[in-house]
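Below is one structure, written out as structure tokens, with a few remarks after it.
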Amino acid sequence: MIGPQSCPGRPIAVSHQERNPPFIWRVRVYYEDTDAGGVVYHASYLRFMERARTEWLREIGLEQGAVRASLNLGFIVRAASLDYRRGARLDDLLTVSVAIARRGGASLDFDQEVRRVLDGALCCRGLIKIACVASDSLRPKPLPPQLLAEIADVC
């Protein structure tokens, strides 16, 4: 039987995930990331997710230092919800994903996952809410046009 996705002339159903695959960044677990037992300390997952979002911005041409200097704009975490699933350990190689879950006028919500490369185990999942603010006043500021253009088809 031929499914609807393989019929010539018919639109192919493409999921949101297929159209906009998440940005993936790799990180190795160092001593500084672990507790006394060699397991990744819970706060380290927030650092991994922050670095992945920063690398995602860099990938689309937005260096945070330059954005702050030229546009008086910064991104701050206003809420974070983490679900710890499996502990990563010293020397593990991890992938950290970045996917936009929602876009507002001056905010972005990200779904992020940290997985162990060796077996694909989900170590931590997070919903991170980011506010775009003026660097000097920390008041909400609209997302920059370059970022909106990059994520236009995501949300």
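Treat the numbers as computed from the prediction; the structure is a model and nothing was measured. Side-chain atoms are counted along with the backbone in the values below, which use heavy atoms only and exclude waters and symmetry mates. In this chain, numbering begins with 1 at the start of the sequence shown.
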Just so I know, are the side chains of [X] and [Y] near enough to count as touching, which here means a heavy-atom distance under 4.5 Å?
| X | Y | result |
| --- | --- | --- |
| Leu147 | Ile60 | yes |
| Phe75 | Leu57 | yes |
| Asp111 | Leu127 | yes |
| Cys124 | Asp83 | no |
| His42 | Leu82 | no |
| Val29 | Thr34 | yes |

In this structure, would [X] and [Y] fall into the same cluster of hydrophobic residues linked by side-chain contacts under 4.5 Å?
| X | Y | result |
| --- | --- | --- |
| Ile76 | Ile128 | no |
| Ile100 | Val98 | yes |
| Tyr41 | Leu93 | no |
| Leu108 | Leu46 | yes |
| Val67 | Leu148 | yes |

Does [X], at its [atom1] atom, have more than 12 non-hydrogen atoms belonging to other residues, nucleotides or ligands within less than 6.0 Å?
| X | atom1 | answer |
| --- | --- | --- |
| Glu59 | CD | no |
| Arg68 | CZ | no |
| Arg78 | CZ | yes |

Is a side-chain donor or acceptor of [X] paired with a backbone partner of [Y] at a separation under 3.5 angstrom?
| X | Y | value |
| --- | --- | --- |
| Asp33 | Ser44 | no |
| Glu55 | Phe23 | no |
| Ser97 | Glu113 | yes |
| Arg58 | Gln64 | no |
| Lys141 | Leu71 | yes |
| Asp35 | Gly37 | yes |
| Arg115 | Gly120 | yes |
| Asp92 | Arg28 | no |

| field | ring-ring contact (aromatic ring centres under 6.0 Å, His included) involving Tyr84 - partner list, sequence neighbours excluded | value | Tyr45
How long is the gap from [atom1] on [X] to [atom2] on [Y], to the nearest 0.5 Å?
| X | Y | atom1 | atom2 | answer |
| --- | --- | --- | --- | --- |
| Arg125 | Met49 | CZ | CE | 9.5 Å |
| Leu143 | Cys132 | CG | SG | 5.0 Å |
| Phe110 | Arg102 | CZ | CZ | 11.0 Å |
| Cys123 | Arg89 | SG | CZ | 10.5 Å |

| request: Scan side-chain atoms only and decide if Arg53 and Gln112 contain a donor-acceptor pair under the 3.5 Å cut-off. | output: yes
| query | Do Thr54 and Arg51 have side-chain N/O donor and acceptor atoms under 3.5 Å apart? | reply | no
| query | What's the verdict on ring pair (Phe, Tyr, Trp, His ring centres under 6.0 Å) for Trp25 and Phe48, showing C-alpha distance, side-chain angles and the deciding distance? | reply | CA-CA 9 Å; Trp25 180 73; Phe48 298 156; 7.5 Å; no
Could you tell me which non-hydrogen atom of [X] sits nearest to which non-hydrogen atom of [Y], and how far apart they are?
| X | Y | result |
| --- | --- | --- |
| Leu94 | Val117 | C-CG2, 3.9 Å |
| Pro140 | Ala106 | CB-CB, 4.4 Å |
| Ile130 | Asp109 | N-OD1, 4.5 Å |

